[in-house]
Each structure stands twice: as C-alpha cells, then as structure tokens.
Amino acid sequence: MSAWPDLLGPAEAVAPRLLGAVISHGPVAVRITEVEAYAGSRDPGSHAARGPTPRAAVMFGPAGHLYCYVSYGMHTCANVVVGHDGEAAGVLLRAGEVVAGHDVARERRPGVAESQLARGPGLLCRALGISVDLRGTDLAEGPVRLELPATPVADVVSGPRVGLRLAAQRPWRFWIADDPTVSDYRRHPKASDGRP
DNA sequence: CTACCGATATTCT
DNA sequence: GAATATCGGTAGA
C-alpha cells in the first residue's frame with residue numbers, strides 16, 4: 001500500500017492529476033500549472049529508457065520521491081516519481097504559480113513579472129531553491145513536500161512535449177488552460193519527428 | 001519563426 | 001575523449 005495511491009497509474013494518466021498540486025521547499029511554495037509525463041522503458045524520451053543508470057535510478061523506485069537532474073550544465077529540473085516500485089515513470093514539473101514565499105522567489109529571479117517566477121522547469125527549480133542534492137527526497141517527509149489537490153483540475157489541455165529529440169510527438173505535456181504561468185512551447189532543433 | 005550560446009553532469013564510444 | 005542534453009536568454013532572418 002503506497003503512501004501515494006493517486007500516483008500509481010501510467011505516467012501519462014497520472015500527470016494531469018499533478019496539476020494544481022502544491023510543491024514546497026522552505027518558505028517557497030508553487031502551485032503546479034504545467035507537467036510532462038515520462039514513461040521509462042517504453043518511452044525513448046525518458047532518462048530511464050536505457051535502464052537504471054546512476055542518474056535515473058530513483059525513477060525505478062517507489063512513487064512520491066523527487067527525481068532531479070542538471071540540465072545543460074546550469075539548470076536543475078525536477079520530476080515526481082510515479083508508478084509502482086520497479087517501474088520507471090516520472091512526471092516533470094514544468095511550470096507553476098508561486099503561492100508562498102514570493103519575497104524569496106523574487107530574490108532568486110530579479111526583475112521578472114510575477115507570472116514568470118516559475119515559468120519553465122529550470123526556473124521553477126530556481127524559484128524553489130531545488131538542486132540535484134535533493135534527488136531522492138521523499139515528498140511525504142521533506143524537505144521538499146508535495147500536496148495533491150483535493151479534486152483534479154478541470155480545464156486541462158495536452159500537447160507535444162517540449163525540447164525532446166526523441167518521441168516528442170507524444171501528447172504528454174499537460175497544462176491548465178489559459179494559465180499565464182505556463183511556459184512557451186519550444187521544439188527541439190533536431191527533433192526526429194514532426195519535421196524532416 | 002529559427003538558430004546559437006553558455007557551462008557542465010552524465011552517458012556513450 | 002566525444003557527444004549529448006526534459007533549458008533559458010538572446011540575436012538574427
């Protein structure tokens with residue numbers, strides 16, 4: 001019996017369920033408005049596609065833990081591990097709305113509008129102060145915590161995933177319709193699908 | 001709209 | 001040792 005019964009389905013089914021969730025670290029809390037599903041071994045775009053490498057190992061563990069990694073040398077991105085223990089599945093937290101700790105978040109993102117504080121996966125982690133040493137954190141125990149919404153968000157839209165070279169066409173990006181904190185879509189320059 | 005760059009952990013050969 | 005990347009900011013067509 002998992003502590004996260006709502007996170008045990010396939011990544012693409014669980015992902016929209018994380019919209020409206022609140023993730024917090026210290027004084028800062030963010031309401032998630034945009035996510036992407038990554039389905040491990042059956043998903044060429046997932047870091048877990050080639051087995052449990054040291055980096056991706058936590059994705060093979062139980063749901064409700066934090067998988068984070070360094071992206072392009074300078075950004076940190078955070079996923080919530082979902083699915084049953086032994087499966088590799090995760091949901092990337094792509095963007096959100098700062099709902100607590102605005103002063104701290106703004107210090108980390110000087111000069112940007114309120115809606116831009118956590119607009120994009122790297123920026124979301126910067127606003128929350130999440131770095132890779134928090135990889136493997138139990139989201140029920142902290143220091144990073146996750147709280148699911150009482151009822152799923154109603155106005156959910158889906159589309160292709162952002163910035164992947166492989167399997168980007170799967171419509172596994174989910175966001176809250178018309179929310180100003182959702183990031184802009186960007187295609188990978190060498191995406192192997194959608195364009196020659 | 002597309003393309004490049006920065007700066008580096010991680011993976012591949 | 002080389003190639004790649006779940007990004008973000010900016011510049012150019």
Side-chain angles (χ1 to χ4, degrees), chain A residues 10-12 14-16 18-19 21 23 30 32-60 65-83 87-96 98 105-137 144 146 158-175 180-196:
Chain A
E12 67 274 25
V14 170
L18 286 168
L19 294 172
I23 185 168
V30 171
I32 300 303
T33 59
E34 179 188 353
V35 299
E36 263 172 22
Y38 288 87
S41 52
R42 62 194 174 85
D43 179 1
S46 170
H47 289 164
R50 286 181 288 278
T53 60
R55 176 176 65 168
V58 302
M59 267 204 284
F60 289 79
H65 288 239
L66 191 68
Y67 165 55
C68 44
Y69 64 94
V70 179
S71 180
Y72 291 87
M74 61 190 85
H75 305 293
T76 302
C77 298
N79 293 240
V80 174
V81 176
V82 303
E87 299 172 346
V91 176
L92 171 67
L93 306 178
R94 281 200 56 86
V98 175
R106 219 185 303 273
E107 280 173 25
R108 293 167 176 159
R109 296 268 301 137
V112 303
E114 170 72 25
S115 65
Q116 314 282 300
L117 282 175
R119 198 173 194 247
L123 299 179
L124 183 145
C125 284
R126 191 195 301 194
L128 281 166
I130 290 177
S131 56
V132 284
D133 54 292
L134 293 167
R135 178 185 298 160
T137 297
V144 180
L146 182 71
S158 67
R161 295 184 288 184
V162 172
L164 282 74
R165 187 170 64 83
L166 299 171
Q169 84 287 354
R170 298 188 190 187
W172 287 356
R173 174 181 180 231
F174 302 89
W175 64 96
T181 65
V182 173
S183 69
D184 292 330
Y185 176 70
R186 287 197 197 211
R187 177 183 168 277
H188 190 291
K190 296 177 188 165
S192 62
D193 46 58
R195 275 282 284 188

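Here the structure is a predicted model, which means the values were calculated and not measured. Naming: A, B, ... by sequence-line order, numbering from 1 per chain.
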Handout entry: Of Met74(A) and Val132(A), the one whose closest DNA chain B nucleotide lies more 5'
Key = Met74(A)
Completion exercise
Between Pro189(A) and Arg50(A), the residue closer to the 5' end of DNA chain B by nearest nucleotide is Pro189(A)
Fill in the blank from the handout: Sorted by chain and number, sequence neighbours left out, side chain to side chain donor-acceptor pair (under 3.5 Å) with Glu34(A) holds for Arg94(A), Arg173(A), Ser183(A)
Expressed as a whole number of angstroms, how long is the span from [X]:[atom1] to [N]:[atom2]?
X         : N       : atom1 : atom2 : value
Tyr67(A)  : dA9(B)  : OH    : P     : 15 Å
His47(A)  : dA9(B)  : NE2   : P     : 15 Å
Arg165(A) : dC12(B) : CZ    : C1'   : 12 Å
Lys190(A) : dC5(B)  : NZ    : P     : 12 Å
Arg126(A) : dA7(B)  : CZ    : C1'   : 13 Å

Exercise for the section: Quick one: do Met59(A) and Val81(A) satisfy side-chain contact (heavy atoms from CB on, under 4.5 Å)? Show the steps, please. Expected result: CA-CA 5 Å; Met59(A) 267 204 284; Val81(A) 176; 4.3 Å; yes
Heavy atoms only: give me the nearest [X]-[Y] pair and the separation to one decimal.
X         : Y         : result
Cys68(A)  : Ile130(A) : SG-CG2, 4.4 Å
Leu18(A)  : Ile32(A)  : O-CB, 3.7 Å
Arg108(A) : Arg126(A) : CD-O, 3.0 Å
Leu164(A) : Tyr38(A)  : CD1-OH, 3.1 Å
Ala37(A)  : Phe174(A) : CB-CE1, 4.5 Å
Gly136(A) : Val58(A)  : CA-CG1, 4.1 Å

Practice task
Could you pick out which residue, His188(A) or Gly122(A), lies toward the 5' side of DNA chain C when each is mapped onto its nearest nucleotide?
Solution key: His188(A)
Exercise for the section: Taking only Lys NZ, Arg NE, NH1 and NH2, and the carboxylate oxygens of Asp or Glu, determine whether Arg161(A) and Glu12(A) approach each other closer than 4.0 Å. Expected result: no
Exercise for the section: Please work out if Gly45(A) contacts a base, only the sugar-phosphate, or nothing of the nucleic acid, heavy-atom cut-off 4.0 Å. Expected result: base
Exercise for the section: Give one of base, sugar-phosphate or nothing for Arg135(A), where a contact means two heavy atoms less than 4.0 Å apart. Expected result: sugar-phosphate
Handout entry: Thr53(A) side-chain proximity, nearest of dT11(B), dT10(B), dA9(B)
Key = dT11(B)
Exercise for the section: Heavy atoms of chain A, cut-off under 4.0 Å: which first and last nucleotide of DNA chain C, 5' to 3', fall inside that, if you could look? Expected result: dA5(C) to dG9(C)
Problem - Duplex segments of DNA chain B, taken as runs of at least three Watson-Crick or G-U pairs that stay under 3.5 Å - result: B:1-6 with C:7-12, B:8-12 with C:1-5
